[in-house]
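Position 1 is the first residue of the sequence; numbering continues from there. This is a predicted model, so every value here is computed, not measured.
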Amino acid sequence: MISDLFDKRIVIFGCGNILLGDDGFGPAVIKHLNENYSLPQDVLALDMGTSIRDTLFDLTLSQKRPERLIVIDTVDFPEKKPGEVFEIPVGKIPANKIADFSLHQFPTVNLLADLKAHCHLNITVLVAQMKDIPDEIKPGLSMPIQQAVVKACERIMQSIASLSGL
């Protein structure tokens, strides 16, 4: 629940539009996490869809924030293979995605940078290389991105375990 956002130590945001193919990766990761893993009490996983910007703004203004934010989304890096899961620094979010409705759109990138620099929020951006995002409505993930969902969940759970000292 979004109201729990300010009371959790670790918050995971899945970003993307489930109606646009591989762009639905972030929400699919959140769904898989919530359905297949037992998250610790101090961890919250939320499907942000395409509305991360307002929540990041709320975090920027809040006196109380999580210690760590993990943002999940897709990217298009030509040198990467479809379904490859990797982290990118906040400052390296690709500018060529500015016009879409997900994480890559400004001022979202600026808000992430502000949260990191001025609010001292520890931010991880975990992404998957997309195979395809259609020009029209076409729900459903490609096979490489379906497989990336499981890989991303495993990485997230490993990260949570290391942060919790488990």
Legend entry - Rounded distance [0.5 Å steps], OG1 in Thr74 versus CD in Gln129: 8.5 Å
Legend entry - Exceeds 12 heavy-atom contacts within 6.0 angstrom, atom CD of Glu79: yes
Inset, instruction - Provide the closest heavy-atom pair for Thr124 versus Arg68 in the form atom of the first, atom of the second, distance. - result: OG1-NH1, 2.8 Å
Legend entry - Minimal non-hydrogen separation, Asp73 against Cys15, with atom names: OD1-O, 3.4 Å
Legend entry - Residue pair Gly16 / Pro27: nearest heavy atoms and the distance that separates them: O-CG, 3.6 Å
Legend entry - Co-membership, hydrophobic cluster, residues Val29 and Leu19, 4.5 Å side-chain: no
Legend entry - Common cluster, Val150/Ile156, ILVMFWY with side-chain heavy-atom separation under 4.5 Å: no
Legend entry - Same cluster (ILVMFWY, side-chain, under 4.5 Å), Phe77 and Val90: yes
Legend entry - Polar side-chain atom of Lys8 near backbone of Arg65 as donor-acceptor pair, under 3.5 Å: no
Inset, instruction - Determine yes or no for a side-chain-to-main-chain donor-acceptor pair under 3.5 angstrom, with Arg155 supplying the side chain and Leu126 the backbone. - result: no
Legend entry - Atom CG of Asn36 with >12 non-hydrogen neighbours under 6.0 angstrom: yes
Inset, instruction - Group every Ile, Leu, Val, Met, Phe, Trp and Tyr by side-chain heavy-atom contacts under 4.5 Å, then state whether Ile137 and Ile145 land in the same group. - result: no
Legend entry - Inter-residue atom distance Thr55.OG1 - Leu69.CG, 0.5 Å rounding: 10.0 Å
Legend entry - Trace of the side chain to side chain donor-acceptor pair (under 3.5 Å) decision for Asn17 with Thr50: CA-CA 6 Å; Asn17 188 335; Thr50 60; 5.8 Å; no
Inset, instruction - Could you tell me whether the side chain of Asp22 and the main chain of Lys131 form a donor-acceptor pair under 3.5 Å? - result: yes
Inset, instruction - Drop me the distance from Phe13's CZ to Leu56's CG, to the nearest 0.5 angstrom. - result: 6.0 Å
Legend entry - Residue pair Pro144 / Pro82: nearest heavy atoms and the distance that separates them: CB-O, 3.5 Å
Legend entry - Phe57 atom CZ: more than 12 heavy-atom contacts under 6.0 Å: no
Legend entry - Interatomic spacing from CD1 in Ile72 to CZ in Phe25 - rounded to 0.5 Å: 6.5 Å
Legend entry - Least distance between heavy atoms, Ala45 atom then Leu33 atom: CB-CD1, 4.3 Å
Legend entry - Shortest non-hydrogen contact between Gly83 and Lys151, atoms and distance: O-NZ, 4.0 Å
Legend entry - Co-membership, hydrophobic cluster, residues Leu61 and Leu59, 4.5 Å side-chain: yes
Inset, instruction - Hey, could you give me the CG/CG distance between Leu46 and Asn34, rounded to the nearest 0.5 Å? - result: 8.0 Å
Inset, instruction - Give, for atom CE of Met157 and atom OG of Ser38, the distance between the pair rounded to the nearest 0.5 Å. - result: 7.5 Å
Legend entry - Flag, side chain of Glu67 to backbone of Arg9, donor-acceptor distance under 3.5 Å: no
Legend entry - Distance-only donor-acceptor check, side chains Asp132 and Ser142, under 3.5 Å: no
Legend entry - Over 12 non-hydrogen atoms of neighbours within 6.0 angstrom of CD1 in Ile18: no
